[in-house]
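Please read the structure below before turning to the comments.
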Amino acid sequence: SLGRFSRLLQCARDIKNIDIDAGIVLEARHKLVRHNPTPSRHRDRIPTPAELARLQEHFSQAYAGSLPMCDLMNFALAGAMRLGEICRISFEDVDWERHTVVVRDRKDPKYKIGNHQTIPLLPNAMAIVEARRNGMPPQGRIFPVRAETVSATWFNTTRRLGIEDLTFHDLRHAA
């Protein structure tokens, strides 16, 4: 990869005192981005209102599992968070007066650990958190479930309902 090649050139320049233009890798990267014929893997799938209605109806009426799928789905739509972030937040992370939540170790291209962000909870998201607080211990995770389990349930449900190519992550686009 270009990252490894860049590091190799830096080492050659710094350790071996070889005169190498450090900008050569950056220039190559710009050219590759500009002329790369491969399609981007960026998803832009947005669930339709009809699909969301079918999913909400299923999770609130027909779903017999133990996961709070309706709350998870509605929270994702209201908060635009990633599933892993939703499953990690705790009641202790909520500022009840300011209607915010601290998302710990939020995904970022540069920082993986220690990237804590305080984000606002919109009224719909805050209502879900408050309702869950009333039925649970005041400490611990708001959604004490594994993201992988939610993803599997989501996948099986969308397949069963005939909703094609819709991931839980796509709810962020609808938010």
Side-chain angles (χ1 to χ4, degrees), residues 33 36-113 115-175:
V33 168
N36 188 0
T38 59
S40 171
R41 293 182 352 134
H42 177 73
R43 287 182 60 88
D44 60 358
R45 172 77 157 88
I46 298 175
T48 66
E51 290 170 334
L52 291 174
R54 287 180 62 208
L55 286 160
Q56 286 176 334
E57 179 182 348
H58 174 79
F59 288 133
S60 64
Q61 296 176 9
Y63 175 67
S66 61
L67 297 177
M69 290 300 293
C70 203
D71 280 350
L72 283 161
M73 180 180 148
N74 290 329
F75 189 82
L77 288 167
M81 288 185 219
R82 293 172 181 84
L83 180 56
E85 295 167 350
I86 292 170
C87 293
R88 278 196 320 267
I89 59 174
S90 68
F91 290 110
E92 295 89 349
D93 294 326
V94 177
D95 184 326
W96 301 97
E97 287 79 37
R98 293 188 176 126
H99 292 202
T100 61
V101 65
V102 175
V103 178
R104 299 185 188 287
D105 299 326
R106 193 149 206 211
K107 184 178 176 183
D108 183 274
K110 295 179 183 174
Y111 309 104
K112 302 295 183 205
I113 304 296
N115 186 35
H116 308 321
Q117 290 183 352
T118 301
I119 60 170
L121 288 175
L122 297 177
N124 290 346
M126 192 67 194
I128 292 168
V129 172
E130 288 172 343
R132 293 199 55 81
R133 179 175 67 165
N134 292 335
M136 299 182 71
Q139 297 172 333
R141 292 185 299 158
I142 296 169
F143 295 100
V145 297
R146 293 181 59 229
E148 297 83 7
T149 307
V150 175
S151 290
T153 301
W154 182 267
F155 174 78
N156 292 331
T157 301
T158 55
R159 189 176 59 183
R160 191 175 315 117
L161 295 177
I163 299 172
E164 293 189 28
D165 190 38
L166 184 67
T167 65
F168 192 90
H169 189 79
D170 294 330
L171 297 176
R172 292 190 76 208
H173 299 288

**Report entry** Check ion pair Arg45-Glu51 (N to O, under 4.0 angstrom)
**Finding:** yes

Report task. Flag the pair Asp95 / Thr118 as yes when at least one side-chain heavy-atom distance between them is below 4.5 Å, and no otherwise. Result -> no

Query raised in the report: Are the side chains of Arg132 and Pro68 in touch, meaning some heavy atoms are under 4.5 Å apart?
Result: yes

Query - Distance flag, aromatic centroids of Phe143 and Phe75, threshold under 6.0 Å - result: yes

**Report entry** Shortest non-hydrogen contact from Ser151 toward Leu83
**Finding:** OG-CD2, 3.3 Å

Report summary line: Here the gap from Ile128 atom CD1 to Asp71 atom CG, rounded to the nearest 0.5 Å, amounts to 5.5 Å

Report task. State, with a plain yes or no, whether a side-chain heavy atom of His58 is found less than 4.5 Å away from one of Leu55. Result -> no

Report summary line: Heavy-atom closest pair (Ala78 atom, Leu122 atom, distance to 0.1 Å) is O-CD1, 3.6 Å

Report task. Walk me through it: do Asp93 and Ser90 pass the test side chain to side chain donor-acceptor pair (under 3.5 Å)? Result -> CA-CA 5 Å; Asp93 294 326; Ser90 68; 3.1 Å; yes

**Report entry** Parallel, tilted or perpendicular: ring planes of Phe91 versus Trp96, cut at 30 and 60 degrees
**Finding:** parallel

Requested in this report: For residues Val94 and Thr100, determine if any side-chain heavy atom of one lies less than 4.5 Å from a side-chain heavy atom of the other.
Outcome: no

Query raised in the report: Is it true that Arg54 and Glu57 have a side-chain N and a carboxylate O under 4.0 angstrom from each other?
Result: no

Report summary line: Here the gap from Arg146 atom CZ to Thr153 atom OG1, rounded to the nearest 0.5 Å, amounts to 11.0 Å

